[in-house]
Amino acid sequence: MSTISIVKCLEYEKELVFQSVHELLDRLGGIGCFVQSGQTVLLKPNMLSAKSPLQGVTTHPLILEAMIHEVQSVGGEAWIGDSPSGALKGIERCWENTGFLEVAEKTGARIIHFEAGGTKICRAGKEIYHLAKSVMEADVVINLPKLKTHGFTLYTGAVKNLYGTLPGFQKAIYHKKHPHPDHFSRVLVDLYGLVNARLHVMDGVLGMEGNGPATGKKRWTGLLMAGSDGVALDAVAAHLMGFRENEIDAIRIASERNLGESSLQNIEILGPQLKSLRFKDFKLPSNRMIYLVPQWLIRLVGKMLWVCPQADYEKCTGCGICARSCPVHAIDLIEEKPVIDNRKCINCLCCNECCPEGAIYQKLSMLAKYFG
Ligand code: SF4
Ligand code: SF4
């Protein structure tokens, strides 16, 4: 049986967030159950790209600050680290725009640049990963995911948030190597197992619906959730959004590998009843339609359907970041505008995540995979 603590928190007001985070952890026995005095604690927020907190893309800085406060209250040494895919314009912009830099300065927490700190070679089955050294060297890792949909994997939460422990272009390489969501989710689960975070605290105050994780629609979902089992946390969050049990590949695969609990029957909720919390008319990603089609029909027509990234030329400034971040070189910059070759595209959404203008969106198209 896994346990997930849930507290309602309707806005990012400092006193409210600090109280809510404290209550959330108190129900799990308090921060002292996870961190001891003198331990180094790496906090891993979702710093997807250089977005400001109220765009709903990144973990809100007040959640990070409240968690640092908790860690420091029991004598832990707080570190903050992430490796965002959208850092091609400089990682400093990400730290600044997300508000994490200010939190670090205010609290004395140490910012860890995963790219600069070296890596540690870790093996999971046949795969070899170069994980950020600080992630493997910290005494404790605390994961701070954001509640969002994802156009490729359908959902992003605790398990997927740890993808950022792979520094630099490795992330694009694994996207290229595993273009199918099911195969890619096995990578996510490998990393989840290797990182072995002790606690997961999800920022679900302002979430994202539709075609997340960067250009979906903001949605005030008003919740904070936490537990030591990130798979159970994801199972609960996915349920509240409206996904079916085990619909999300990463949750199902992690549970099959006994890394966590995916069945709601075996998850104890500390807080309001789940049925009172389900988000009404929550918009799921367009790609989900393809997943719902029976396998025989997918074999027949499924390949004709494709959720394509498209550029909005009104918003696009022609910076070229999307073209440089595409792992399969499917984007050419022609007259300072990105032109996407859908025949090459593996739908990893790196371009969508890294575009500073939010100019890449997702559109369900017929036959685009064949005719570009
Ligand atoms: S879509 Fe335009 S603004 Fe966005 S990353 Fe590509 S070139 Fe830059
Ligand atoms: S065009 Fe965008 S979604 Fe397609 S492979 Fe390139 S980065 Fe990924």
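Atoms within a ligand are numbered from 1 in the order they appear, just like the ligands themselves.
- Under a cutoff of 6.0 Å and an axis angle of 45°, Lys363 and Tyr361 do not form a cation-pi pair.
- When hydrogens are left out, the protein atom nearest atom 3 (S) of ligand 2 is Leu349 N, 3.2 Å; that is the closest non-hydrogen contact.
- Inclusion of Cys319 in the first shell of atom 2 (Fe) of ligand 1 is not supported: no N, O or S atom falls under 2.8 Å.
- Of the charged side-chain nitrogens involved, none lies within less than 4.0 Å of a carboxylate oxygen, so that Lys171 and Glu353 do not count as a salt-bridged pair.
- Considering only heavy atoms from C-beta on, Leu264 comes within 4.5 Å of Val236 through its side chain.
- Scanning the protein for heavy atoms near atom 7 (S) of ligand 2, the closest one is Cys351 N, 3.4 Å.
- The atoms of ligand 1 that sit less than 4.0 Å from any heavy atom of Glu357 are 3 (S).
- Val74 and Val71 fall within the same hydrophobic cluster, where Ile, Leu, Val, Met, Phe, Trp and Tyr residues are linked whenever their side-chain heavy atoms come under 4.5 Å apart, directly or through other members.
- Among the atoms of Cys350, no N, O or S atom is found under 2.8 Å from atom 2 (Fe) of ligand 2.
- We find that Glu65 and Lys14 are joined by a salt bridge, their nearest charged nitrogen and carboxylate oxygen being less than 4.0 Å apart.
- Using a 4.0 Å cut-off between charged side-chain N and carboxylate O, Arg257 and Asp190 make a salt bridge.
- Applying the 4.0 Å criterion to heavy atoms of Thr317 picks out, from ligand 1, the atoms 2 (Fe), 3 (S).
- For atom 8 (Fe) of ligand 2, the closest heavy atom belonging to the protein is Cys348 SG, 2.4 Å.
- Taking every heavy atom of Val328 and a limit of under 4.0 angstrom, the matching atoms of ligand 2 come to 5 (S).
- Heavy atoms of Pro338 approach ligand 1 to within less than 4.0 angstrom.
- Here the CD1 atom belonging to Ile251 is positioned 12.0 Å from the OG atom belonging to Ser263, to the nearest 0.5 angstrom.
- A salt bridge between Arg186 and Asp182 is present, with a side-chain N of the basic residue lying under 4.0 Å from a carboxylate O of the acidic one.
- Those atoms of ligand 1 with a heavy atom of Ile360 less than 4.0 angstrom away are 1 (S).
- From the protein, the heavy atom lying nearest to atom 2 (Fe) of ligand 1 is Cys316 SG, 2.3 Å.
- Residue contacts with ligand 2, taken as heavy atom pairs separated by less than 4.0 Å, involve Ile331 solely via side-chain atoms from C-beta onward.
- Looking from atom 4 (Fe) of ligand 2 to the surrounding protein, the closest heavy atom is Cys345 SG, 2.4 Å.
- Looking at heavy atoms from C-beta onward, Cys355 lies out of side-chain contact with Lys315 at the 4.5 angstrom threshold.
- Set against the non-hydrogen atoms of Gly320, the atoms of ligand 1 under 4.0 Å away are 7 (S), 8 (Fe).
- In this structure, Ala226 and Leu25 approach most closely via the heavy-atom pair CB-CD2, 4.5 Å.
- Classification of the Phe152-Phe184 ring pair by plane angle, with boundaries at 30° and 60°, yields tilted.
- For the residues Cys322, Cys326, Ser325, Ala359, the heavy atom positioned nearest atom 5 (S) of ligand 1 is part of Cys322.
- Residue Asn352 does not touch ligand 2, judged by heavy-atom distances below 4.0 Å.
- With a 4.0 Å cut-off on non-hydrogen atoms, Ile346 touches ligand 2 through its backbone as well as its side chain.
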